[in-house]
**Q** 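There's a structure below that I have some questions on.
The basis for the numbers below is simple: all heavy atoms, side chains too, and nothing from hydrogens, waters or symmetry mates.
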Amino acid sequence: DAHDYRQGLATPMTHDILTRIEGHAGIISLNRPAALHALTLDMVHAMTEALLKWRTSRKVKCVIIDHAEGRGFCAGGDIAFLRNSALNDGGVSGRKFFHDEYQLNHLLFNYPRPVVAFMDGICMGGGVGISQPARFRVATEHTRLAMPETGIGLFPDVGGGWYLSRLEGRVGQFLALTGARIAGPGCLALGLATHYAPSEALAEAKARIASEDVERIDGILGTVSVTPPPSKVVETLFQINRHFASDTFEDILMNLEADDSDWAMREAATLRSKSPQTCKVALRQLAESIKLDDFADNMAMEYRIASRVLLRPDFAEGVRAVIVDKDNAPKWDPATPEGVTDELLDAIFAPLPADEEWKPL
């Protein structure tokens, strides 16, 4: 089972993850359509189990990650579970979720076989965490990728610090702060996707990847790819790089509010609705991540942040406002950017006791 190799824990099999081998491809299909395939802890464990098994299999020469039915690809992590942990068990089960999910993210990042992620649909939060480590990332006309955590008082985790900080210019900071949704063409333009293909071509691509030489994966995806329509985010890169140039949240707000264009006013209003704590955490997270050479160090940093932010007031309140009560009127604490002090940020980013630090599998 997925975790008895490490911690003596049995992992229940779950129908929310379907695994199979076709040809020489190991296929992991997310299968929780009612929740847009959002990841539960059982799903994390089932994916980890399959990947560990296939890592040494002679049959499996590549891995495909997709969704089985309904709209996809993956709407994120099990936010209700995390909020329940924050409110009822002092964050113990929530930290376990983050710990094991980050091990899965790291396992994918360093996987020895080519991984192909088909991001056909919503791809947010946890969905970004299991698609961005893949060598090949296929966007479609249905793709909507986002890291929307500033709206619920969390932060762009699952490797978000690593991926966003390494995008060109300041678009990573823009995505982290605003939670903007990027369509398939934008994903390709920014490098968040390696290919753009129509959704009706994916079945053919998967069949060929499973049956043809693994050295041909790039070529196979190239033959089903098409030229995407223009990207809205690309059209605003000049404004993004100009207004999001600072790593100080107050500076970004001031820059936007000094510009009377419709775009700047809209983005300023968006940022004013987000958790000030999360926005400042995200900016420091990206600034720290870009200095790191090892993805494992990034995940250790994000686990420290997650361990603290989970129990801060903004997370339970943000989920209440957006997902539970749906009044979209969170009362953030601190309520203003100025109230989020350097001392608070230092405490959120501080090392954990040695026996509590995150470690890869």
**Q** With no hydrogens and no angle check, is any side-chain donor or acceptor of Trp332 less than 3.5 Å from a backbone partner on Lys274?
**A**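 A pair under 3.5 Å: yes.
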**Q** Return each pair, listed once, that meets salt bridge (Lys or Arg N to Asp or Glu O under 4.0 Å) where at least one residue sits in residues 64-92; pairs must be two or more places apart or across chains.
**A** Asp66-Lys206
**Q** Hey, can you pull the donor-acceptor pairs under 3.5 Å for the side chains in residues 143-155, sequence neighbours left out?
**A**
unit_1	atom_1	unit_2	atom_2	d
Thr143	OG1	Met119	O	2.4
Thr143	OG1	Thr140	N	2.8
Thr143	OG1	Thr140	O	3.4
Arg144	NH1	Glu141	O	3.3
Thr150	OG1	Leu177	O	2.9

**Q** Assess the residue pair Asp157 and Tyr102 against the criterion (side chain to side chain donor-acceptor pair (under 3.5 Å)); give the C-alpha distance rounded to whole Å, side-chain angles, the decisive distance to 0.1 Å, and a yes or no.
**A** CA-CA 9 Å; Asp157 67 328; Tyr102 294 1; 2.6 Å; yes
**Q** If we ignore angles and hydrogens, is there a donor and acceptor under 3.5 Å between the side chains of Asp259 and Ser261?
**A**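 The answer is yes; a qualifying pair exists.
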**Q** Can you find a heavy atom in the side chain of Ile220 that is under 4.5 Å from one in the side chain of Asp218?
**A**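 Not touching, per the 4.5 Å side-chain cut-off.
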**Q** Quick test of your reading: applying ring pair (Phe, Tyr, Trp, His ring centres under 6.0 Å), list the pairs with at least one residue in residues 46-80, sequence neighbours left out, ordered by first then second residue.
**A**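 Those involving residues 46-80 are His37-His67.
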**Q** Indicate whether the side chain of Arg20 and that of Ser29 have a donor and an acceptor atom separated by less than 3.5 Å.
**A** yes
**Q** Is the shortest side-chain heavy-atom distance between Leu30 and Met47 below 4.5 Å?
**A** yes
**Q** Mark yes when over 12 heavy atoms from residues, nucleotides or ligands other than Asn328 sit less than 6.0 Å from its CG; otherwise mark no.
**A**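 More than 12 within 6.0 Å, yes.
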**Q** Tell me which pairs pass ring pair (Phe, Tyr, Trp, His ring centres under 6.0 Å) where either residue lies in residues 170-189, with sequence neighbours left out.
**A**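 Pairs touching residues 170-189 that pass the test: Phe174-Phe244.
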**Q** State which residues pass side-chain hydrogen bond (donor to acceptor under 3.5 Å, both in side chains) with Tyr196; sequence neighbours excluded, sorted by chain then number.
**A** none
**Q** Looking only at heavy atoms, what is the nearest atom pair of Arg320 and Ala329, with distance?
**A**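 So the minimum-distance heavy-atom pair works out to NH2-O, 3.5 Å.
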**Q** Between Phe295 and Tyr163, how do the two ring planes meet: parallel, tilted or perpendicular, split at 30° and 60°?
**A** tilted
**Q** Does the side chain of Arg135 come within less than 4.5 Å of Ile217's, by heavy atoms?
**A** no
**Q** Step through the shown structure and confirm whether more than 12 heavy atoms of other residues, nucleotides or ligands are within 6.0 Å of CZ on Arg304.
**A**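 Yes, CZ of Arg304 has more than 12 neighbouring heavy atoms, counting only those of other groups under 6.0 Å.
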**Q** Please check if atom CD in Glu212 has more than 12 non-hydrogen atoms from other residues, nucleotides or ligands closer than 6.0 Å.
**A**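 Yes - once you tally the heavy atoms of other residues, nucleotides and ligands closer than 6.0 Å, there are more than 12.
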**Q** If only side-chain N and O atoms count, and only distance matters, is there a donor-acceptor pair under 3.5 Å linking Glu101 with Asn105?
**A**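 The answer is no; no qualifying pair exists.
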**Q** What are the two closest non-hydrogen atoms of Arg312 and Pro334, and how far apart are they?
**A**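 Looking at all heavy atoms of both residues, the shortest contact is NH2-CD, 3.8 Å.
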**Q** On a heavy-atom basis, which atom in Cys74 and which in Gly126 lie closest, and how many Å separate them?
**A** SG-C, 4.2 Å
**Q** Could you walk me through whether Arg166 and Ser289 satisfy the side chain to side chain donor-acceptor pair (under 3.5 Å) test, starting with their C-alpha distance in whole Å, then the side-chain angles of each, then the deciding distance to 0.1 Å, before giving a yes or no?
**A** CA-CA 9 Å; Arg166 285 159 176 80; Ser289 181; 3.3 Å; yes
**Q** What residue pairs, at least two apart or across chains, pass salt bridge (Lys or Arg N to Asp or Glu O under 4.0 Å) with a residue in residues 286-298?
**A** Glu288-Lys291
**Q** With no hydrogens and no angle check, do the side chains of Thr223 and Arg208 hold a donor and an acceptor under 3.5 Å apart?
**A**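 Short answer, yes.
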